Number of protein chains: 2
Amino acid sequence: MIAAIFSVNWAIYRMNTLEKIQTNLSNFSKSERKVAEVILTSPQTAIHASIATLAKMADVSEPTVNRFCRRLDTKGFPDFKLHLAQSLANGTPYVSRHVDEDDGPDSYTNKIFESSMAALDAARQSIDPMAINRAVDILTQAQQISFFGLGASSSVAHDAQNKFFRFNVPVVCFDDVLMMRMSCINATAGSVLVLFSHTGRTKALVEVARLARESNAQVISITAKDSPLARESTLAVTVEVPEDTDMFIPMASRLAHLTVIDVLATGFTLRRGPRFRDNLKRVKEAIRESRFEKPANL
Amino acid sequence: MIAAIFSVNWAIYRMNTLEKIQTNLSNFSKSERKVAEVILTSPQTAIHASIATLAKMADVSEPTVNRFCRRLDTKGFPDFKLHLAQSLANGTPYVSRHVDEDDGPDSYTNKIFESSMAALDAARQSIDPMAINRAVDILTQAQQISFFGLGASSSVAHDAQNKFFRFNVPVVCFDDVLMMRMSCINATAGSVLVLFSHTGRTKALVEVARLARESNAQVISITAKDSPLARESTLAVTVEVPEDTDMFIPMASRLAHLTVIDVLATGFTLRRGPRFRDNLKRVKEAIRESRFEKPANL
DNA sequence: CACTTTTTCGTAAATTAACTACATTAAAGA
DNA sequence: TCTTTAATGTAGTTAATTTACGAAAAAGTG
């Protein structure tokens with residue numbers, strides 16, 4: 001049995017022309033189906049061909065090709081090619097994005113990269129920029145920022161620490177529940193905690209959020225919408241990621257959370273103004289001597 | 001002064017038609033520049049217009065438009081429209097993906113997500129699937145896997161550890177040079193080290209790679225092409241990421257490296273066969289009781 | 001089963017768009 | 001100022017797409 005071991009439901013966010021052809025295959029007439037099959041087998045050829053060449057390839061007449069295009073809600077053949085070209089540009093030559101048992105390295109590499117990109121696209125659309133803005137507000141006013149994450153999210157927290165450390169802000173990062181709890185007890189009104197959790201259902205982390213709020217600290221969570229963690233936070237930046245349901249390891253959510261960190265960091269530097277960014281330059285220069293010089297001609 | 005504070009150099013990995021027009025603006029003749037400006041201001045209109053309409057909009061003759069298309073290495077006007085359509089499809093309605101001083105939360109959120117997606121796309125195209133395949137070969141035969149990363153790459157190494165730990169393989173992870181060096185001394189022929197470095201020029205890490213090889217360990221590096229680290233490794237999985245040159249923090253490279261981890265992990269599970277994936281299921285079930293139950297209707 | 005109706009499909013003509021060749025104009029250099 | 005070269009437009013040619021119509025096939029109907 002060949003099982004799809006991880007899948008991303010692409011249909012959720014984009015009804016690509018190529019897919020449209022695939023799904024409507026049964027609704028087409030006999031001749032139109034011939035056209036559809038020629039296009040599906042070599043879409044790259046199709047977009048560069050004239051209506052005459054395509055008709056000959058499908059062994060139908062030119063008007064049939066034209067009617068086929070119109071049936072797909074396009075103005076005509078040139079317009080159809082435009083739509084098709086856009087589908088292809090998105091790097092989805094496959095209709096299905098499942099990784100299968102018998103996929104080769106080339107195939108699964110592409111599929112995973114494409115799934116990741118798709119997940120980021122979905123995440124982007126689900127994020128509320130106003131939440132980002134409020135989060136930046138809170139972060140800029142923080143006296144100390146703590147980043148917390150457990151399991152797969154611990155690396156996300158580490159990354160956030162690394163980033164904000166360069167901003168010359170007091171930062172800490174914990175991936176250990178006991179340390180988190182201790183840290184919460186000592187938190188003050190000027191403390192800001194940023195908690196990362198894909199599900200927002202990790203009991204220990206929700207408890208940490210509650211503890212922190214009892215110490216009057218601000219709690220920002222980067223997590224799922226309507227989750228217990230989101231409810232327990234001062235501000236929830238909710239991210240919807242189409243996580244691969246069959247795979248047993250979270251993949252796409254980390255990427256989305258890391259990108260949210262980048263967005264927050266960007267908002268942070270913008271808020272602080274140009275003078276502040278000189279700091280970053282100095283930090284970067286400080287690491288330079290630990291590196292091998294890059295050849296000048298590159 | 002409104003400065004672009006971080007930019008992604010798109011030109012490196014994709015000469016997007018829209019950018020090509022933008023950058024070559026000065027090389028065009030007077031009339032051609034008129035055409036360029038019309039296209040840049042409303043590319044969406046341009047792809048649906050005929051050569052006659054476009055000529056009228058730019059207030060030039062039709063052959064001028066045609067010559068303009070040819071100058072951009074296309075076969076003619078229809079071919080040009082195809083290329084332009086593909087540029088637009090990649091989610092780049094803007095010509096520039098720079099974050100500006102005066103960008104609002106909505107704007108910079110979108111720009112950063114799009115840059116990240118673009119970076120993943122570039123990375124995907126630059127990766128050699130055969131290198132991935134060899135890396136999977138080496139990893140599946142490892143007696144022990146060590147993940148090393150310094151600075152911004154340390155969170156990448158942590159993530160890799162988290163992922164491979166679930167595979168029930170002996171894994172360690174260090175983000176500290178001294179520990180890395182000690183670990184290298186004790187390495188054996190069955191040891192596999194995976195080193196992450198965006199630049200591949202961090203002196204300490206290159207030295208670690210050399211030490212490990214002296215102990216007959218296998219060294220896989222996820223890094224830049226033709227870098228000192230790549231040369232010092234048994235196998236280099238090279239990833240080209242268009243890193244933002246003006247920003248002082250690496251952003252896109254982590255995402256690309258994390259995705260490479262996902263790809264390697266996928267290859268690993270595929271190689272191990274379906275029976276092996278039961279392990280993953282059990283690991284996942286083991287964490288379940290630490291979570292709040294999700295409502296059934298969701 | 002014959003006949004009607006509807007759908008499908010192709011031929012040929014018409015229209016539209018794109019391209020080429022050439023002439024004219026503008027710009028640059030001598 | 002004249003010559004040369006590059007740039008642009010006009011008009012004509014060619015190619016491509018679309019429309020109109022009619023034949024054939026399929027699906028109903030008495």
Side-chain angles (χ1 to χ4, degrees), chain A residues 17 20-88, chain B residues 17 20-88:
Chain A
T17 305
K20 210 168 178 177
I21 298 173
Q22 178 85 17
T23 52
N24 287 22
L25 214 56
S26 50
N27 300 339
F28 292 135
S29 73
K30 196 168 51 172
S31 299
E32 284 172 341
R33 200 168 312 138
K34 284 202 254 177
V35 179
E37 268 152 22
V38 169
I39 293 171
L40 285 175
T41 48
S42 56
Q44 279 297 344
T45 317
I47 57 168
H48 292 297
S50 73
I51 196 168
T53 349
L54 197 62
K56 200 169 277 177
M57 283 198 284
D59 194 34
V60 295
S61 72
E62 299 180 18
T64 302
V65 177
N66 198 281
R67 280 188 281 263
F68 170 84
C69 299
R70 281 217 180 27
R71 198 173 292 275
L72 270 83
D73 302 317
T74 61
K75 276 196 72 182
F77 183 68
D79 189 43
F80 169 77
K81 285 208 290 187
L82 240 51
H83 283 260
L84 189 60
Q86 297 201 329
S87 305
L88 296 177
Chain B
T17 306
K20 209 168 178 176
I21 298 172
Q22 177 84 17
T23 52
N24 288 22
L25 215 57
S26 50
N27 300 339
F28 292 135
S29 72
K30 195 168 52 172
S31 300
E32 283 171 342
R33 201 168 310 139
K34 284 202 252 177
V35 179
E37 268 152 22
V38 169
I39 294 171
L40 287 174
T41 48
S42 56
Q44 280 297 345
T45 316
I47 58 170
H48 292 297
S50 73
I51 194 167
T53 344
L54 197 62
K56 201 169 279 177
M57 283 199 284
D59 193 35
V60 296
S61 70
E62 300 181 19
T64 302
V65 176
N66 198 283
R67 281 187 282 261
F68 171 84
C69 300
R70 281 224 186 11
R71 197 173 292 274
L72 271 79
D73 302 317
T74 62
K75 275 195 73 184
F77 183 69
D79 189 42
F80 168 77
K81 285 208 288 188
L82 239 51
H83 282 260
L84 189 59
Q86 296 203 331
S87 304
L88 297 177

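This one's a predicted model, so the numbers in the text were calculated from it and none came from an experiment.
- Across the protein-nucleic acid pair, I51(A) atom CD1 and dA17(C) atom P stand 15 Å apart, rounded to whole Å.
- Taking atom CD of residue E62(B) and atom P of nucleotide dC19(C), one finds them 10 Å apart after rounding to whole Å.
- Candidate nucleotides dA18(C), dA12(C), dG9(D) were compared by shortest atom distance to the side chain of P78(B), and dA18(C) ranks first.
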Can you give each donor-acceptor pair under 3.5 Å made by side-chain atoms of residues 75-82 of chain A, sequence neighbours left out, with the distance rounded to 0.1 Å?
unit_1, atom_1, unit_2, atom_2, d
D79(A), OD2, K75(A), N, 2.9
K81(A), NZ, A49(A), O, 3.0

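- For the atom pair CD1 (I51(A)) and CG (N66(A)), the distance works out to 4.5 Å, reported to the nearest 0.5 Å.
- The interatomic distance linking H48(A) (NE2) with dA16(D) (C1') rounds to 17 Å, in whole Å.
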Polar atom pairs (N or O), protein with nucleotides 5-8 of chain D, under 3.5 Å:
unit_1, atom_1, unit_2, atom_2, d
dT8(D), OP1, S31(B), N, 2.9
dT8(D), OP1, S31(B), OG, 2.9
dT8(D), OP2, S29(B), OG, 2.2
dT8(D), O5', S31(B), OG, 3.1

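- Between the CG atom of L54(A) and the C1' atom of dA16(D) there is a distance of 14 Å, rounded to whole Å.
- Taking atom CZ of residue F28(A) and atom C1' of nucleotide dT7(C), one finds them 17 Å apart after rounding to whole Å.
- Between L40(A) and Q22(A), the shortest heavy-atom distance links the atoms CD1-OE1, 3.5 Å.
- No donor-acceptor distance shorter than 3.5 angstrom exists from the side chain of E62(B) to the backbone of A52(B), with no hydrogens or angles considered.
- Contacts of T45(A) classified as side-chain contact (heavy atoms from CB on, under 4.5 Å), with partners at least two apart in sequence or in another chain: S42(A), M57(A).
- When the C1' atom of dA16(D) is taken as reference, atom CG of D79(B) falls 15 Å away, rounded to whole Å.
- Computed from coordinates, the F68(A) CZ to dT17(D) C1' distance equals 17 Å when rounded to whole Å.
- Close to dT18(D), at under 4.0 Å from its OP1 or OP2, lies a side-chain N or O of N66(A).
- Here the CD1-NE2 distance, from I47(A) to H83(B), works out to 8.0 Å after rounding to the nearest 0.5 Å.
- Out of dT17(D), dT20(C), dA17(C), the shortest distance to the side chain of F77(A) is found at dT17(D).
- With V65(A) as the fixed residue, the side chain to side chain contact (heavy atoms under 4.5 Å, CB included) test singles out one of V38(A), L54(A), I39(A), T53(A): L54(A).
- Distance K75(B) NZ to dA18(C) C1': 12 Å, rounded to the nearest Å.
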